[in-house]
Amino acid sequence: QAGVFTYDPGFTSTASCDSTITFIDGGEGVLLHRGYPIGQLAEKSHYLEVCYLLLYGELPSAKALEEFEHNITMHTMLHEQMQNFFRGFRRDAHPMAIMVGVVGAMSAFYHDSTDIADERQREIASHRLIAKMPTIAAWAYKYSIGQPFVYPRNDLDFASNFLRMCFAVPAEDYVVNPILSRAMDRIFTLHADHEQNASTSTVRLASSSGANPFACIAAGIACLWGPAHGGANQACLEMLKEIGTPDRIPEFIARAKDKNDPFRLMGFGHRVYKNFDPRATVMKQSADEVLELLGVENNPVLAVAKELEAAALADPYFAEKKLFPNVDFYSGVILEAMGFPTSMFTPIFALSRTVGWISQWKEMIADPQNKIGRPRQLYLGESQRDYIDIESR
Ligand code: SDX
């Protein structure tokens, strides 16, 4: 059948669903969104166009793209009363905790887009979530540093709006740096969707019960938070800083190989990729560009990252286990250089992945085979037995 890919992923896997959105060939390091290679989309497209592609299956005409971008722009504001949710958290709350809470609470404010049986409500919910996630992430950051919320603007593109909401202060004008906006937009694109990863599978399972879209996306955010998944970008930068200097790399390589040591190289390895993660290749190029632009190309963390990558790739253990850098290995270096604290790395992953979660959510709801997810188990416990009174125990 035209376009149907067959390949031996090198391991037996039970497909949780069929999908037409994203294709990964882990053995070859291939990632396609609706058939388009991620490298071409990162170079030639931009995040909202990739959102349209993921949602509707085709690259948009100029008119369709203009309408879509206008629609997203018109939904970037949050209901003013939702600011109370942010203020209910401690100042030192992790922004991911705030995002889980605020996104889940959206169902209490946007009643006209919670009925998943209504296609128009699903469309409105999709646009609201994509549009408002940058505002929610930026306000979680502003709240954590005690600065006032900055409202989105309609004359800025998606990435520039997010940077301004994070870094502008009322006391002075914020000048958008177009190259940083382009780098930010590319990071959004590289994280947009990734087939049936843990958080996407969480969204699909939650939506199979008929839960409203805001609750399903909140469940995906909660799952993404884990350090083995979306939290790896934060954990990777913290690891690179713990290594500190290239002379300590052999110590950490040895620890990663030691089965008795729970330490793993953050940003390395993948459930599916047994070759380079194509996103990591683009991210590494972007790191060089952004850090040179910011005049920190001699950033010691980037130097450790590059030397660590080279050392791991030269080590037979990692080659034998087919462990390569993944999307999280370089992203933290870029985000820190752009001014973000490590606590904002996973929220940026979450706002980027919202379109992937929503595309997969919509695909599942439209699937005539869509039934409530009910995984079974292999029971290894006690066979049936009678109750024992406490006096006899
Ligand atoms: C993301 O699924 C997705 O698509 C996720 C994601 C997305 O876009 O949604 O791509 C985003 O989550 C990327 C992964 C981010 N996580 C990390 O970088 C954390 C560090 N990496 C790992 O913890 C690990 O690699 C996993 C969890 C990602 C995968 O673990 P697996 O399934 O155990 O990997 P594997 O089967 O390929 O491992 C083979 C061997 C195992 O050893 P043995 O059991 O054969 O003795 O390699 C070992 C693993 O223990 N191994 C590592 C390692 N990753 C795997 N050893 C040292 N360092 C590592 N990073």
Side-chain angles (χ1 to χ4, degrees), residues 9-13 15-16 19 21-27 29-33 38 42 50 54 96 187-204 220-240 242-243 249 251-283 305 308-309 311-313 315-333 342 345-346 348-357 359-360:
F11 56 91
T12 53
S13 69
S16 61
S19 178
I21 299 171
T22 290
F23 173 77
I24 300 173
D25 181 336
V30 171
L31 169 57
L32 308 178
H33 289 321
I38 188 63
V50 172
L54 289 169
M96 286 297 277
I187 287 176
F188 292 155
T189 296
L190 291 172
H191 289 85
D193 188 49
H194 209 240
E195 199 222 71
Q196 306 311 316
N197 56 84
S199 54
T200 298
S201 300
T202 300
V203 171
R204 278 181 172 259
I221 296 171
C223 177
L224 186 75
W225 194 359
H229 187 14
N233 48 20
Q234 175 174 348
C236 181
L237 191 77
E238 288 162 357
M239 173 193 74
L240 293 172
E242 185 187 356
I243 294 172
I249 287 172
E251 171 195 338
F252 284 82
I253 292 276
R255 285 188 58 196
K257 292 159 63 174
D258 179 355
K259 281 299 154 211
N260 299 316
D261 188 331
F263 171 76
R264 284 189 163 183
L265 283 188
M266 291 290 107
F268 249 79
H270 199 275
R271 296 293 291 171
V272 178
Y273 288 121
K274 303 311 168 189
N275 200 320
F276 264 87
D277 177 338
R279 302 168 297 175
T281 306
V282 180
M283 201 70 83
L308 175 62
E309 177 189 14
L313 294 178
D315 189 302
Y317 172 88
F318 293 89
E320 177 204 322
K321 302 282 185 185
K322 296 191 168 86
L323 300 176
F324 294 88
N326 60 46
V327 68
D328 296 303
F329 191 68
Y330 284 104
S331 58
V333 177
T342 54
F345 293 2
T346 310
I348 288 168
F349 193 151
L351 82 83
S352 309
R353 184 55 57 86
T354 296
V355 66
W357 289 330
S359 304
Q360 304 265 354

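Start at 1 and go down the list; that is how both ligands and their atoms are numbered. Position 1 is the first residue of the sequence, and the numbers go up from there. Please read all numbers here as calculations on a predicted model, not as lab measurements.
The distance between the ring centers of F263 and F252 falls below 6.0 angstrom. Checked against a 6.0 Å centroid threshold, the rings of Y273 and H194 count as neighbours.
The aromatic rings of F329 and F268 sit perpendicular to each other, their planes meeting at more than 60°, with 30° as the lower class boundary.
Summarising the contacts of atom 36 (O) of ligand 1 with K321, R353, E195, K274, the nearest heavy atom is found in K274. Looking at K259, H229, R255, H191 and measuring to atom 41 (C) of ligand 1, the nearest heavy atom belongs to K259. Looking at Q196, R271, M266, H194 and measuring to atom 29 (C) of ligand 1, the nearest heavy atom belongs to R271.
Between the side chain of T200 and the backbone N or O of Q196, no donor-acceptor pair lies under 3.5 Å. In this structure a side-chain-to-backbone donor-acceptor pair under 3.5 Å is present from N197 to E195.
For ligand 1, the atoms lying closer than 4.0 Å to a non-hydrogen atom of A232 are 15 (C), 16 (N), 17 (C), 18 (O). Shown in contact with N197 at under 4.0 Å from a heavy atom are these atoms of ligand 1, numbered in order with element: 2 (O), 3 (C), 4 (O), 5 (C), 9 (O). Atom numbering of ligand 1 starts at 1 in the shown order; those under 4.0 Å from a heavy atom of G267 are 17 (C), 18 (O). Residue G269 approaches ligand 1 through these ligand atoms, each under 4.0 Å from one of its heavy atoms: 25 (O), 28 (C).
When hydrogens are left out, the protein atom nearest atom 52 (C) of ligand 1 is L323 CD1, 3.5 Å; that is the closest non-hydrogen contact. At the shortest separation from atom 57 (C) of ligand 1 among protein heavy atoms lies A256 O, 3.6 Å. The shortest contact between atom 48 (C) of ligand 1 and any protein heavy atom is with Y317 OH, 4.0 Å. Protein heavy atom in closest approach to atom 21 (N) of ligand 1: F268 O, 2.8 Å. The nearest protein atom to atom 27 (C) of ligand 1, hydrogens excluded, is given as R264 NH1, 3.8 Å; this is a heavy-atom distance. Residue, atom and distance of the protein heavy atom nearest to atom 14 (C) of ligand 1 are N326 ND2, 3.6 Å. The protein heavy atom nearest to atom 10 (O) of ligand 1 is H270 NE2, 2.6 Å. Among all non-hydrogen protein atoms, the one lying nearest atom 13 (C) of ligand 1 is D328 OD2, 3.4 Å.
Across all their heavy atoms, D328 and A232 have their closest contact at OD2-CB, 3.7 Å. Closest non-hydrogen pair, P278 versus L31, comes out as CG-CB, 3.7 Å.
Put simply, the residue from D261, N260, L265 that forms a side-chain contact (heavy atoms from CB on, under 4.5 Å) with R255 is D261.
In terms of N/O distances under 3.5 Å, ligand 1 is approached by A228.
Here D193 contributes atom CG and T22 contributes atom OG1; the two are 3.5 Å apart, rounded to the nearest 0.5 Å. In this structure, OH on Y317 lies 8.5 Å from NZ on K257, to the nearest 0.5 angstrom. Atom-to-atom distance recorded for L224:CG and R353:CZ is 7.0 Å, nearest 0.5 angstrom.
Contacts between R279 and ligand 1 below 4.0 angstrom, taking non-hydrogen atoms only, involve the side chain exclusively.
Residue contacts with ligand 1: K322 is excluded, as none of its non-hydrogen atoms falls under 4.0 Å.
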